[in-house]
Amino acid sequence: SSTSQQEFDYLFKLLLIGDSGVGKSTLLLSFTSDAFEELSPTIGVDFKVKHVTLGGKKLKLAIWDTAGQERFRTLTSSYYRGAQGIIMVYDVTRRDTFTNLSDIWAKEIDLYSTNQDCVKMLVGNKVDKESERVVSKKEGIDFAREYGCLFIECSAKTRVNVEQCFEELVLKILETPSLLAEGSSGVKKNIFKQNPPQDGASTSSCCSW
Ligand code: GDP
């Protein structure tokens, strides 16, 4: 396909983590479904690719989903290896999915993440179910401050703040020199030059807290 050979300045590996059912797959589809998709072979984890232009750079985003493996706690170091960005998702209507981020997921990130400066984004999903909300926005903000994450609340269903979530994360990665260094794991520069770039430019709005 022509898309797989598009020119790009950086390739970023982004991860989705969090409990089963919080909306990781829906979030990924919501962000990528209007674009051409390259499907990975079905070897446990699954990822989708999206080309975007942000911060004046042409980017190829490979966004990895757990494909349900989080249920068995079998995510391994290879899932985390070389990631420039990690999206930590909880469901604002289920408190256990929020507490598990600090009790389980944050520890796993510390254990396996190979890029010390890896950018983390805390995402409270399903804000369309406002009447069922049990985790307040302030709790999300406090968690993000404590763990040094970006923070956004979104709805993968209605697509509110979905683009912003990925854009904020990517812009922060672009501001982190160690994640852009030539030879930094996962980053390849200008590999494909055969085809003109597709204009997927979009602007970013600021994180909402
Ligand atoms: P995963 O296990 O984390 O990948 O979660 P899924 O993406 O499979 O979503 C689990 C369930 O939550 C599915 O029934 C989705 O349709 C639903 N869901 C995902 N995101 C949202 C959202 O933003 N709002 C609502 N109301 N439902 C959602």
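Both counts, for ligands and for their atoms, begin at 1 and track the order of listing.
- At most 12 non-hydrogen atoms from other residues, nucleotides or ligands lie less than 6.0 angstrom from CD of Gln116.
- When Lys126, Lys24, Lys129, Glu132 are checked for heavy-atom proximity to atom 22 (C) of ligand 1, Lys126 turns out nearest.
- Taking a cut-off of under 4.0 Å to the non-hydrogen atoms of Ser25, the atoms of ligand 1 that pass are 4 (O), 7 (O).
- When the options Asp128, Thr93, Thr26, Asn125 are ranked by their closest heavy atom to atom 26 (N) of ligand 1, first place goes to Asp128.
- Using a 4.0 Å heavy-atom cutoff, Asp19 is listed among the residues neighbouring ligand 1.
- Checking side-chain atoms of Lys107 against main-chain N and O of Asp103 turns up a donor-acceptor pair under 3.5 Å.
- A salt bridge (charged side-chain N to carboxylate O under 4.0 Å, His left out) check over residues 89-100, counting only residues at least two apart or in different chains, returns the pairs Asp91-Lys126, Arg94-Asp96, Arg95-Glu139.
- Below 3.5 Å of separation, one finds no N or O of Cys154 facing any N or O of ligand 1.
- Without hydrogens or angle criteria, Gln84 side chain to Lys13 main chain gives a donor-acceptor distance under 3.5 Å.
- For ligand 1 and Ser155, the ligand atoms under 4.0 Å from any heavy atom of the residue are 23 (O).
- With a 4.0 Å heavy-atom cut-off, ligand 1 is reached by no atom of Thr158.
- The shortest non-hydrogen separation linking Leu29 to Lys48 is CD2-CE, 3.7 Å.
- Residue pairs meeting the salt bridge (charged side-chain N to carboxylate O under 4.0 Å, His left out) criterion with at least one partner in residues 114-123, sequence neighbours excluded, do not occur; the list is empty.
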